[in-house]
Amino acid sequence: MLPSADNTISRDGRSIILAYDHGLEHGPVDFEPNPATADPERLFELATHSAVTSLAVQKGIAEAYYPDYEDEINLMVKLNGTSNLWRGEPNSAVNCSAEYAAALGADAIGFTVYGGSNHEVEMAEEFREAQEGAREHDMAVVMWSYPRGQGLRNANDPDVISYGARVGLELGADVVKVKYPGSAEAMADAVEMAGPAKVVMSGGTMKDDEGFLRNVADAIDAGATGLAVGRNVFQRDEPERILDALEAVVFEEADPTEALAVAGSAD
Ligand code: FBP
C-alpha cells in the first residue's frame, strides 16, 4: 500500500463510492425498482452529490459519459466484471487494463477477487498486473474482496470476511471492499486484519433507511472508512435523500435517525 494513494477517492479519510456496474453484474433487473436509473446519465448526476467521493463504472460507461463529468466526479474504472447470464465457478473477465483506465481519466481502479474460487489463482495473477499498472499511473487500487466458490461453506462467515480483508492488504489494495459481516465486532476484526489498507463495506440488497444507515454507522464505529454502495442508493425513490443521510453518517458521524430527519431538507 502506498501512503495516501486513495486521497483522490476519499475526503478526510472517508469514502462513499457509488457503484454502478450492476447492468453488467446483475442485469436490468436491478433498475426495475427505479427505472430512471437504467440511464447512466442519472447516476452521473447522482455522483455529483457532495456525499459521493467516487463513481465506479465499467469501461463502456466511462467512455460514453465521463468526458462530460471529468471536472465534477472522481472516476473509478472497474477493470473486471462478468454478467449474471453465465453460470460457473466464480470468476470475472478482465475487460479493461490499468493503462486504458488511466487514459479514460480514472483516479482509481476497482478489481474483484473471489478468494476460494477455483479461479482464485488466475484472479490473483490478474490483480497483480492491474495493481502494478495502477501504481505506474498513481491510481488508487480498490479490491472488491468477495470470497466465494467451491472452497467455502459460508461466504458470509465473519472469519471469511476478515480473511477477504486481509487478502486485500496482502495483495496491495489501498481500499478493500467487504460485505458487512453482521456486527460492529466482526467489522472491527476485518478492519484489524486489513492493517493500513482501508476497509469499506458493501451496500448489498435494498434495506429500510434506518436499518441500512445503522449498519453503516456501526461499520464506521468499527473503523471502516465508508462504503461502496449501489442498490441501497439508486433503487430508492429519492436517492438524493439517502445520500444526504449517508453524508452525515459517514463524514460527520451523525446518528442515523437524526441524519434521516434532516435529509432532503436542503433540497
Ligand atoms: P450494491 O451496493 O448494490 O451491493 O453494489 C455493490 C456491488 O459490489 C456492485 O459493485 C456489484 O455489482 C454488486 O455489488 C455485486 O453484488 P453481488 O456480490 O451480489 O454479486
Side-chain angles (χ1 to χ4, degrees), residues 9 15-34 37-38 40 42-43 46-47 51-62 75-93 95-96 106 108-117 119 123 141-149 152 154-157 160-161 164-165 167-168 173 175-182 190 199-209 211-213 215-216 219 224 226-236 239 242-243 245-246 249-250:
I9 57 160
S15 301
I16 297 178
I17 299 163
L18 187 59
Y20 185 62
D21 56 346
H22 303 66
L24 175 64
E25 294 282 345
H26 298 162
V29 66
D30 275 8
F31 307 134
E32 283 173 10
N34 186 349
T37 61
R42 173 73 180 112
L43 265 289
L46 268 182
V52 177
T53 57
S54 183
L55 174 67
V57 293
Q58 286 281 340
K59 162 170 92 173
I61 288 189
L75 177 69
M76 182 182 305
V77 175
K78 191 79 200 313
L79 300 192
N80 64 352
T82 301
S83 88
N84 211 14
L85 299 168
W86 174 83
R87 286 275 171 267
E89 185 66 0
N91 201 355
S92 194
N95 307 311
C96 184
I109 61 151
F111 202 99
T112 299
V113 174
Y114 295 128
S117 161
H119 299 293
M123 295 189 87
V141 177
V142 182
M143 182 191 287
W144 273 230
S145 190
Y146 288 173
R148 60 174 63 156
L152 294 167
N154 178 9
N156 295 319
D157 182 328
V160 170
I161 290 172
V167 168
V175 179
V176 194
K177 174 177 192 251
V178 300
K179 305 269 184 196
Y180 182 70
V199 175
V200 294
M201 68 169 252
S202 175
T205 52
M206 263 278 278
K207 295 177 196 70
D208 64 284
D209 292 355
F212 170 57
L213 290 173
N215 285 352
V216 174
L227 72 167
V229 58
R231 290 165 289 181
N232 264 291
V233 170
F234 68 70
Q235 290 187 343
R236 284 186 154 73
I242 201 77
L243 285 175
L246 276 174
V249 169
V250 171

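Note that these values count all heavy atoms, side chains included, but never hydrogens, waters or copies made by symmetry. When a ligand or atom number is given, it counts from 1 through the structure's own listing order. Position 1 is the first residue of the sequence; numbering continues from there.
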| query | Does any N or O atom in His26 lie less than 3.5 angstrom from one in ligand 1, N or O only? | reply | yes
| query | Just by distance, do the side chain of Gln58 and the backbone of Tyr20 share a donor-acceptor pair under 3.5 Å? | reply | no
| task | Answer with yes or no whether the side chains of Lys177 and Thr112 bring together a donor and an acceptor at under 3.5 Å. | result | no
| Pro147 and side-chain contact (heavy atoms from CB on, under 4.5 Å): which partner among Val178, Leu152, Val113, Asp157? | Leu152
| task | Please identify which atoms of ligand 1 are closer than 4.0 Å to at least one heavy atom of Tyr146. | result | 7 (C), 8 (O), 18 (O)
| request: Could you tell me which atoms of ligand 1, counted from 1 in the order shown, lie closer than 4.0 angstrom to a heavy atom of Gly230? | output: 1 (P), 2 (O), 3 (O), 5 (O)
| query | Which ligand 1 atoms, with their elements, are less than 4.0 angstrom from a heavy-atom of Gly204? | reply | 1 (P), 2 (O), 3 (O), 4 (O)
| query | How far does OH of Tyr180 sit from CG of Leu227, to the nearest 0.5 angstrom? | reply | 12.5 Å
| task | Look at the side chain of Arg236 and the backbone N and O of Asn232, then say whether any donor-acceptor pair between them is shorter than 3.5 Å. | result | yes
| Check: Val229 N/O within less than 3.5 Å of ligand 1 N/O | no
| request: Select one of side chain, backbone, both or neither to describe which atoms of Arg231 lie under 4.0 Å from any atom of ligand 1, heavy atoms only. | output: both
| said: At under 4.0 Å between heavy atoms, is it the side chain or the backbone of Lys179 that contacts ligand 1, or both, or neither? | reply: side chain
| message | Can you confirm, on distance only, whether ligand 1 has an N/O atom lying under 3.5 Å from any N/O atom belonging to Ala19? | response | no
| field | Proximal ligand 1 atoms for Gly203, defined as those under 4.0 Å from one of its heavy atoms | value | 2 (O)
| Counting heavy atoms only, which of Asp21, Ile17, Thr112, Asp30 is nearest atom 10 (O) of ligand 1? | Asp21
| request: Tell me which protein heavy atom sits closest to atom 5 (O) of ligand 1, plus the residue, atom name and distance to 0.1 Å. | output: His22 NE2, 2.9 Å
| field | Backbone of Arg231 reached by a side-chain donor or acceptor of Asp30 within 3.5 Å | value | no
| said: Determine whether a donor-acceptor pair (N or O, by modelled atom type, separation under 3.5 Å) exists between the side chain of Lys179 and the backbone of Pro181. | reply: no
| Does ligand 1 have a heavy atom under 4.0 Å from the side chain of Arg148, from its backbone, from both, or from neither? | side chain
| request: Can you measure from CG (Leu18) to CG (Leu246) and round to the nearest 0.5 angstrom? | output: 10.0 Å
| Just by distance, do the side chain of Thr82 and the backbone of Asn91 share a donor-acceptor pair under 3.5 Å? | yes
| request: Check whether any heavy atom of Lys177 sits under 4.0 Å from an atom of ligand 1. | output: yes
| note | If we number the atoms of ligand 1 from 1 as shown, the ones under 4.0 Å from a heavy atom of Glu25 are 12 (O)
